[in-house]
Enquirer: 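Dropping the structure in here first, questions after.
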Amino acid sequence: MSKVTVLSLLVEELKNGRIRVVDLTQPLGPDTPVIGLPPIFAQSPGLSMEVISKYDDKGPAWYWNTITLGEHTGTHFDAPVHWITGKDFASNTTDTIPVRQFVGAACVIDCSKETAVHENFLLTREHVQAWEGEHGRIQPGSWVLMRTDWSKRRGQEAFLNIKEDGPHSPGPHPDCVRFLAQERDVLGFGVETVGTDAGQAGGFDPPFPCHNIMHGNGKLGLASLNNLDQLPATGAVVIAAPLKIVNGSGSPLRVLALVPEA
Ligand code: MN
C-alpha cells in the first residue's frame, strides 16, 4: 500500500474536485494589448504569428508557427532585472531565478468596488493593513494579487484606457509597495492591468514605484492576470513559471492557481 503524503492527497483532491485549477491567463494572440510608452522610447511589439507549415507542401503532416513578441506581452512575468534597480542582484533573470519562487501562496486583495468608481484607484498601506485585520498577516514569500476586475474590460481601448494625459488604470501606491516589499517580504505583486504599476505611475515619486521598489528588492511581478475573482482572499497556491529565456527580463507564461473548493 502506498504511503499517504501531502502530494498523494493533492492528487486525490484534484481528482475529486475539492481542489480546482483556475487559469489566471489571458489568451495570447495578435489582439493582446501591449503597454505603450511615450514615443521618445522604444516600443515593445505585440504578438505576430506566421505559419511555417500546415499539412501542406511546406510540411505535409505537421502544423507549426513562428511567433514574434516582446517579453512583456499579455499575461507575463517581470524578473528583477527588468528594472535598473534590480539589475545587480544575483539570479535576477528568467533563467536563473530559483524555481522555488515559481510556486507561492496567494493573498488576493479585492479592489474591484473601488476601481469601479475610480479608475485611478491606488492600493495603500492602510488598505492592505485593513485586509490583514480581516484575513491575517501576509506571510513572507507570498504573492500579493490586486483584484480590480480590470481584466473584464473588452478591447484594447478599454483595457489600456489612454487619455490625453496618458493611461489611466489602478495600481499600488509607492508607500504600499515599500510596505509589501520591505515589511512583508512578499514574493511579488500581481495585477490584472497591462503592467504592475498604475497607468499614471510615470508621474509618481519614484516613477513606476512597483517596478522601481519591487525589483529593487529582488521581487517579482505578474501582469495582465485573469480570473482573480475566482480566488479566495487566502488559501490559493499560484504556479507562475516563466520561460527559461537566457538573460530574459520577463516572459509570457501560463499562470495557474490551485484553489480549495469552499
Ligand atoms: Mn512587464
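Hydrogens, waters and symmetry mates play no part in the numbers below; they use all other heavy atoms, side chains included. Since the structure is predicted, the reported quantities are computational estimates derived from the model, not experimental observations. First listed ligand is number 1; within each ligand, the first listed atom is number 1.
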Enquirer: Can you name the N, O or S atom of His72 that is closest to the Mn ion (ligand 1)?
Expert: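 Going through the N, O and S atoms of His72 one by one, ND1 ends up nearest to the Mn ion (ligand 1).
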Enquirer: For the CG atom of Leu228 and the OG atom of Ser151, what is their distance to the nearest 0.5 Å?
Expert: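 So the gap between those two atoms works out to 6.5 Å.
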Enquirer: For N/O/S atoms only: which one belongs to His76 and is nearest the Mn ion (ligand 1)?
Expert: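 Considering only N, O and S atoms, His76 comes nearest to the Mn ion (ligand 1) through NE2.
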Enquirer: Tell me whether the centres of the aromatic rings in His127 and Phe121 are closer together than 6.0 Å.
Expert: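 Centroid separation for His127 and Phe121: below 6.0 Å.
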Enquirer: N/O/S atom of Glu71 under 2.8 Å from the Mn ion (ligand 1), yes or no?
Expert: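 No, outside the cut-off.
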Enquirer: Does the shortest distance from the Mn ion (ligand 1) to an N/O/S atom of His82 fall below 2.8 Å?
Expert: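 No, since none of the N, O or S atoms of His82 sits under 2.8 Å from the Mn ion (ligand 1).
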Enquirer: Is any NZ, NE, NH1 or NH2 atom of the basic residue among Glu183 and Arg125 found under 4.0 Å from an Asp or Glu carboxylate oxygen of the other?
Expert: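 Result for this pair is yes, salt bridge flagged.
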Enquirer: Is a side-chain donor-acceptor pair under 3.5 Å present for Asn65 with Glu50?
Expert: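 No pair is found: no donor N or O on one side chain lies under 3.5 Å from an acceptor on the other.
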Enquirer: Classify the angle between the aromatic ring planes of His76 and His72 as parallel (below 30°), tilted (30 to 60°) or perpendicular (above 60°).
Expert: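 Judged by the thresholds at 30° and 60°, the geometry between His76 and His72 is perpendicular.
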Enquirer: Among the N, O or S atoms of Asp78, which one sits nearest to the Mn ion (ligand 1)?
Expert: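 In Asp78, the heteroatom (N, O or S) nearest the Mn ion (ligand 1) is OD1.
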